[in-house]
Amino acid sequence: MTANAGSPGWYLRRLSRMGPREVGGRAGDALRRRRWRSAPPNCPTVTGARFTAVLPAGTVAAVEPDAAKRLVAEADRLMAGHVEYFGVVRDDLADPDWWYDPKTGRRAPWGYAFGVPYRDEEVVGDIKQIWELSRHQYLTVLAAAYAITGDERYAERVSDHLRSWWAANAPLHGVHWTSGIELGIRLLSWVWVRRLLDGWPGAAELFEDNPVALNQIWHHQRWLAAFPSRGSSANNHVIAEAAGQFAASCAFGWFPSSARLRADALRSLERHLRGNTFRSGLNRELATEYHGLVLELGLAALAEADLADVPVPPTVRLVLLRMTDVLAAIVDDRLRPPRQGDADDGHGLVVDGAGTDRWGSLLATGDAVFGRRAWWPEVAVTDVRTPMLAALIRPYPTDGAVSPVARPARRPAHFADAGLTVLRGPAGIWCRCDGGPHGFLSIAAHAHADALSVEVRQDGVDVLADPGTFCYHGQPVWRRYFRSTLGHNTLQLDDADQSVSGGPFLWTRHARSRVLVADPSGALDGGTARWCAEHDGYQRSVHRRRVELTAPSRELKVVDEVRGPRRSVRLAFHLGPAIAADLTGSRASLSWTRDGAERSAVLDLPGELSWRAHRGETDPPLGWYSPGFGRKEPATTLVGTGFSDGAEGFTTVLRFHG
């Protein structure tokens, strides 16, 4: 059992995961917060500010008609006051209350920002619901709709909402001044709002000629410079902080400190892009949606640098190139990447309408900026963001030029540094095997206890699914379930997680995994692909798993061995929400529909275990799938129970019929 975030026990565990340098930095932050409460910094006087970071001529005309149509449809929904965040529909967007949580009905309290207990849902409400609207990414959608249509209704709504937000959220007051990632993303949104409204007559009056706007922009940047995410917290948050700071100091470089802030932000961005990314290109948090977030933020920052003619270290482009190539390598046949680790639907830059495929959009941007490789999957996605970013970012050398780095000549499938292996077979069979580290940094904030888990799809349909995330704050029972070992397709001993949790974003002991065999190419050549790994998360015992995907028989075999004393076992297989299952004894007949065609498979489970199907259970939770943050739906989970005294291990065989 773990204490809630913010309790004395949590603070002690959190402190134990920090090094001396981080402790010293946080102590300095605490002193600065106290000083700012009594004597907040003052924005310098700005005169003669002009905005020059505009889109090149012809950029808007390059947007494909269907992407523009989706964007305008979304903008019209927003204008009518309708939006949905994390499964909660709200109809008050015409005149929003910036501190209101529609999920709980609570309103966050006013006060000095660093005194607001934003983690306490009983006091504040669901902080994700409150923060999301104030990222102002819906305003970038409205501004993009203005840029494409010239309809001033969109621009006027943006202006009204920005003025309302600035009036309601004075610097250093309230929940919107408590988290650096929120300030960083909000600054990036403001840069793009100003850029997309450039043709509107009121744009300068809203931004550079508006003392309130200047005060807000300066205080956002001053806050980010003073309170960067540190040490064990320097994950995707610090990249959002640096990207927003860098974008603002390039596009809004009107202050005496702009040049210094720009240089500092670029150094931080380069350092942390490298630090947060494996050499293979995968994000070190091993949480796929944060890979997408970091890539979006990095591309947006690079666009500002190139537009402002600010030289960036070569490593910035190199990391973003590798992140793009690895994304192309790991997606399935429908351009869906793994569902690994935490996911909270966070985006770096939003200028597209609903229905635009995020991953296809990123690959389209990667093609435009870096050039696709021959092995990349086909991408037929149209979006608004790609032509805009491509108009700002200098083209990378393509295959026809001398490239400064060697890029994979064939589609890679094993990423040793991240412990991720993708096995591919005929008929769109895709299997992700997890033998990597338990998250990133000492707290591994966005990791799940999922060592040796597998995720299996056919033609993009989840068959053996990663259930997802569902929630962060306020619902500790569900948070524990969705990141637990039982909540993944792996084996659990003695009803315990492989890694030990110290809070909703804190792991105090990490299971260590190692890959023993990785031969992912066999199935594509008509033979068998193989993978084997083990972890030490269970004291006195080692869990080893072997996976084989055989092409001719379309058969996936999973063998689990437990080396150590006799212990109780639970082996879980979570089926995707589209899968119907008929369990008889140790055999489950699976069926689903894809594009109007009936599909089926048989799952032969280890007969040494006693099997039971669970679906939509709540006490305790079991049998759920989260398609997105804040949303969950019942799905079938098959759980086998028994003991680990079998010399041959536990063998599971999944056979696809079509």
Side-chain angles (χ1 to χ4, degrees), residues 1-14 16-17 86-87 103-104 119-122 126-128 285-287 289-290 339-345 434 438-440 442-453 455 465-511 535 537-539 543 568-574 614-635 637 639 641:
M1 179 177 293
T2 61
N4 292 330
S7 69
W10 176 85
Y11 278 113
L12 287 173
R13 284 190 293 274
R14 186 65 184 84
S16 73
R17 309 304 292 176
F86 314 133
K103 177 181 168 184
T104 65
R119 295 188 181 96
D120 190 340
E121 188 169 298
E122 294 298 318
D126 186 331
I127 193 61
K128 287 282 291 178
E285 293 197 77
L286 295 173
E289 281 212 3
Y290 288 106
R339 284 167 54 89
Q340 183 177 17
D342 272 347
D344 72 348
D345 297 353
D434 178 10
H438 179 73
F440 180 48
S442 62
I443 64 173
H446 292 297
H448 290 187
D450 57 357
L452 309 196
S453 64
E455 187 182 1
D466 184 301
T469 300
F470 177 55
C471 65
Y472 281 170
H473 301 281
Q475 297 170 282
V477 172
W478 290 99
R479 175 64 171 155
R480 285 194 293 269
Y481 168 69
F482 273 98
R483 65 179 196 150
S484 69
T485 298
L486 184 62
H488 295 83
N489 297 316
T490 188
L491 181 142
Q492 183 189 54
L493 297 183
D494 293 345
D495 298 333
D497 285 337
Q498 310 150 336
S499 296
V500 177
S501 172
F505 298 98
L506 171 63
W507 296 92
T508 57
R509 184 171 62 79
H510 303 179
H535 77 82
Y538 300 117
Q539 295 181 2
H543 173 207
S568 66
V569 165
R570 284 199 292 186
L571 179 60
F573 290 105
H574 299 262
H614 303 262
R615 186 177 180 87
E617 299 173 10
T618 59
D619 189 18
L622 188 58
W624 295 91
Y625 179 94
S626 175
F629 195 83
R631 293 176 287 147
K632 67 181 187 300
E633 58 187 275
T637 296
V639 178
T641 58

Sole candidate of R483, R480, R509 that passes side-chain hydrogen bond (donor to acceptor under 3.5 Å, both in side chains) when paired with S501: R483
I'd like to check the salt bridge (Lys or Arg N to Asp or Glu O under 4.0 Å) partners of [X]; sequence neighbours left out, ordered by chain and number.
X: D120; value: none
X: R339; value: none
X: D466; value: R432
X: D345; value: none

Going by the rule side chain to side chain contact (heavy atoms under 4.5 Å, CB included), which residues pair with [X] if we only count those two or more places apart in sequence or in a different chain?
X: E633; answer: P577, Y625, P627
X: T490; answer: L452, S453, T485, H488, Q498, H543, R545
X: E121; answer: T104, R106, D126
X: A496; answer: none

Using the ring of each side chain (for Trp, its six-membered ring), is H446 parallel, tilted or perpendicular to Y472, with breaks at 30° and 60°? tilted
Under a 3.5 Å distance rule, please check whether S626 uses its side chain to pair with a backbone N or O of F470 as donor and acceptor. yes
With no hydrogens and no angle check, just 3.5 Å: does a side-chain donor-acceptor pair link D497 and S484? no
Holding to side-chain hydrogen bond (donor to acceptor under 3.5 Å, both in side chains), I want the full list of residues that pass it with [X], two or more places apart in sequence or in another chain.
X: T637; value: H574
X: T641; value: none
X: R479; value: D342

Is the gap between the ring centers of F505 and H473 under 6.0 Å? yes
N/O donor-acceptor pairs under 3.5 Å from side chains in residues 615-622, not counting sequence neighbours:
residue	atom	partner	partner atom	Å
R615	NH1	T636	OG1	3.1
E617	OE1	H614	ND1	3.1
E617	OE2	H614	ND1	2.9

